[in-house]
Amino acid sequence: MADSTATATAEQRVLHKVDVADSGPSRKRLSIEIAAETVDRRLHESVDTLAEQAELPGFRRGHVPRQLIQKRFGTELRNEARDQLVTQAYQQAIEETGLKVVGDPFGANLQEIEVRAGEPLSFGLDVEVLPEFELPKVDGLDLKKPIIEIDDARVDEEVEKICLNEGSLESHESSEAGDYLTGNARMIDGEGTEHYNIEGAVVQVPTGKGDDGQKGMILGVLVDDFATQIGTPKVGDTKTVTTKGPETHEVEALRGKDLTVTFEVSSIDKIIPLAVDELVARFGMSGEDELKQQLRSRLEQRAEVQQRTALRQQVAKHLLESVDFPLPERMTAQQAARAMERRRMELLYRGMDQAEIEKHVAELRAASAQDAQQNLKLFFVLSRVAEEHGVVVSEQEVRGRIAQMAFERGSRPEQFEQELAKSGQIQSVAQQVREHKTLDSIIEKANVKDVPLDEFNAQAAATETA
């Protein structure tokens with residue numbers, strides 16, 4: 001327990017005492033208390049601040065009686081004081097206990113905490129901490145780098161893909177495999193609780209091709225027999241899709257629930273690919289040869305990313321197999337959401353288009369609890385290795401990564417950065433750069449051997465089935 005002997009000054013310090021207890025693997029429970037006199041002082045300061053600025057009918061600015069301010073703004077003042085006190089006390093508790101906290105605190109509804117004059121403020125928080133374990137030997141690992149050649153067939157395939165992405169929509173009254181349906185999607189669980197009601201939701205009728213031809217995604221949830229359930233509806237039809245909520249979904253209220261989604265089709269669109277000559281004109285190029293030359297250059301850059309990714313995955317596999325420590329039995333919503341963002345950022349980095357990214361994220365939601373645990377374990381291990389190796393990330397490196405991902409998307413870097421900032425994903429980019437730098441620091445000291453792509457894939461498949 002830490003008490004009032006800490007480093008903060010009397011004016012800055014709000015924490016009176018903190019107790020730390022284990023609350024499960026990689027988790028600690030903080031029981032925090034703020035003294036009554038500190039609470040009173042903060043409430044008094046809040047009233048003073050507002051008294052200087054408040055303007056009420058019949059009173060000049062700065063001359064509103066304190067009693068009237070407290071009566072008129074009491075709840076707002078107490079809530080503001082609570083938020084400030086809790087934030088400061090938590091930060092001081094982390095500094096004093098020396099806990100290596102990962103992510104934000106959880107396990108308490110701070111909105112339910114009441115601040116009362118003359119009384120101490122006590123609350124509890126759960127925090128996720130880096131587990132203690134011995135790092136394995138990482139110098140001199142034997143790694144294989146796949147040789148990825150960009151032939152004419154790969155370039156032609158990329159041309160077809162871009163023609164499809166740049167194509168136009170053609171409206172139809174009835175649907176076929178591969179068409180896009182737009183409409184209202186409403187999701188409820190077995191108890192009748194509504195979780196989503198989205199106008200303008202879009203789903204694709206499964207193509208029926210390949211091993212995953214029957215699967216489809218609706219409201220971010222992957223459904224194995226989606227093709228059978230959605231069928232080929234017409235405009236105005238309402239289809240009902242039932243499924244089970246993924247056990248590792250980032251929305252805890254959906255986990256393991258029987259879910260029913262009703263989808264009312266308002267429009268049906270088929271993508272008509274853009275002709276190659278029109279694509280050339282749109283991009284302002286001299287001809288198809290120039291288009292293919294530029295696409296080849298982009299694919300070669302993407303191949304380098306794929307090679308680097310393959311090396312990083314081997315290092316990650318070695319770390320996971322070489323380290324053992326207990327993990328939380330159940331992922332929190334925060335951990336699941338973090339896993340989603342890590343996967344989304346990784347796929348953006350690899351140059352995958354948005355539709356494919358969302359499909360992969362849905363597959364991650366549907367992954368087994370064991371897979372989810374491995375993702376969580378890797379996060380902990382890489383955080384620890386980064387700390388041990390002194391890996392730091394500069395703002396310039398984050399901006400460089402954003403520019404790289406923007407190039408793959410065909411967006412302007414500043415526009416893409418604004419999108420990431422708006423959705424709160426800048427930190428996810430920084431985390432990705434930190435993890436990549438951590439893995440790359442190990443790759444630099446590894447023994448890397450170039451191998452043909454077919455051989456690399458065969459060895460990888462054999463390892464997965466072993």
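For the numbers below, each heavy atom of this structure counts, side chains included, while hydrogens, waters and symmetry mates do not.
Contact of the Val241 side chain with the Thr260 side chain is not registered, since no non-hydrogen atoms from C-beta on lie closer than 4.5 Å. Side-chain contact between Arg312 and Ile443 is present, with at least one heavy-atom pair separated by less than 4.5 Å. Residues His318 and Leu141 form a side-chain contact, since some pair of their non-hydrogen atoms from C-beta on lies under 4.5 Å apart.
With Phe379 as the aromatic partner, Arg338 meets the cation-pi criteria of under 6.0 angstrom to the ring centre and within 45 degrees of the ring axis.
Between Phe380 and Phe325, the ring-plane angle classifies as perpendicular under the 30° and 60° cut-offs.
The minimum heavy-atom distance between Arg302 and Arg350, with the atom names listed, is CG-O, 3.5 Å. Taking both residues in full, the closest heavy atoms of Asn197 and Glu194 are given as ND2-OE1, 3.3 Å, listed atom of the first, atom of the second, then distance. Here the shortest heavy-atom pairing between Thr248 and Ala336 reads O-CB, 3.5 Å.
Atom-to-atom distance recorded for Met187:CE and Thr243:OG1 is 8.0 Å, nearest 0.5 angstrom.
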**Report entry** Stepwise salt bridge (charged side-chain N to carboxylate O under 4.0 Å, His left out) check, Glu388 with Arg384
**Finding:** CA-CA 6 Å; Glu388 292 285 332; Arg384 173 73 181 281; 3.3 Å; yes
Report task. Could you go through the side chain to side chain contact (heavy atoms under 4.5 Å, CB included) check for Val138 and Leu319 one step at a time? Result -> CA-CA 8 Å; Val138 293; Leu319 291 172; 3.9 Å; yes
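Residue Glu157 qualifies as open at atom CD: its count of foreign heavy atoms under 6.0 Å is 12 or below.
Sorted by first and then second residue, the side-chain hydrogen bond (donor to acceptor under 3.5 Å, both in side chains) pairs with a member in residues 447-456 read Asp142-Asn447, Glu455-Gln459; sequence neighbours excluded.
Shown here are the side chain to side chain donor-acceptor pair (under 3.5 Å) partners of Gln431, two or more places apart in sequence or in another chain: Glu435.
For the pair Thr262 (side chain) and Thr240 (backbone), a donor-acceptor distance under 3.5 Å is absent. The backbone N or O of Gly220 sits less than 3.5 Å from a side-chain atom of Arg365, completing a donor-acceptor pair.
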